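Notes to accompany the following structure.
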Amino acid sequence: MSLEEQEWLLERITKQVEERKHTAGKLNDAKYMNEQLAAMARDLDIQAEIASINEDYMITEMDGLEKL
């Protein structure tokens with residue numbers, strides 16, 4: 001391989017590594033967020049609040065807009 005080809009290859013590998021690092025960070029954040037959402041779903045206070053909100057908007061759900 002010529003020096004230019006090696007340099008091109010190194011730049012390409014460096015770019016791919018940086019992209020994978022960035023993607024891995026997002027995947028870690030998504031995993032963390034899913035864990036947090038699961039914990040919230042198990043929280044009895046949050047469940048009660050969601051039930052209250054659902055009750056408040058029950059009439060709105062019956063107006064047929066969900067078909068849009």
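Note that the coordinates shown come from a computational prediction; the quantities given were computed from them, not determined experimentally. In what follows, every heavy atom counts, from backbone to side chain, and hydrogens, waters and symmetry copies are set aside.
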Does Lys15 pair with Glu18 as a salt bridge, N-O distance under 4.0 Å?
no
Could you walk me through whether Lys21 and Val17 pass the side chain to side chain contact (heavy atoms under 4.5 Å, CB included) check?
CA-CA 6 Å; Lys21 283 181 184 177; Val17 167; 3.9 Å; yes
So how far is it from Glu49 CD to Asp43 CG, rounded to the nearest 0.5 Å?
11.0 Å
Within 6.0 Å of CD in Glu55, more than 12 heavy atoms from elsewhere
no
Atom of Gln6, atom of Met1 and distance for their closest heavy-atom approach:
NE2-O, 3.4 Å
When rounded to the nearest 0.5 Å, the distance separating CZ of Arg42 from CG of Leu37 is 10.5 Å
Start with the C-alpha distance between Ile50 and Gln47, add both sets of side-chain angles, then the distance that settles side chain to side chain contact (heavy atoms under 4.5 Å, CB included), and finish with yes or no.
CA-CA 5 Å; Ile50 290 171; Gln47 291 177 11; 5.8 Å; no
Are Ile13 and Trp8 joined in one hydrophobic group, where the rule is that I, L, V, M, F, W and Y side chains link up if heavy atoms are under 4.5 Å apart?
yes
Please check if the number of heavy atoms outside Glu35 that lie under 6.0 Å from its CD is greater than 12.
yes
Expected output: side-chain Thr14 to main-chain Leu10 donor-acceptor under 3.5 Å:
yes
So if you build clusters from Ile, Leu, Val, Met, Phe, Trp, Tyr with side-chain heavy-atom gaps below 4.5 Å, do Met40 and Ile53 land together?
no
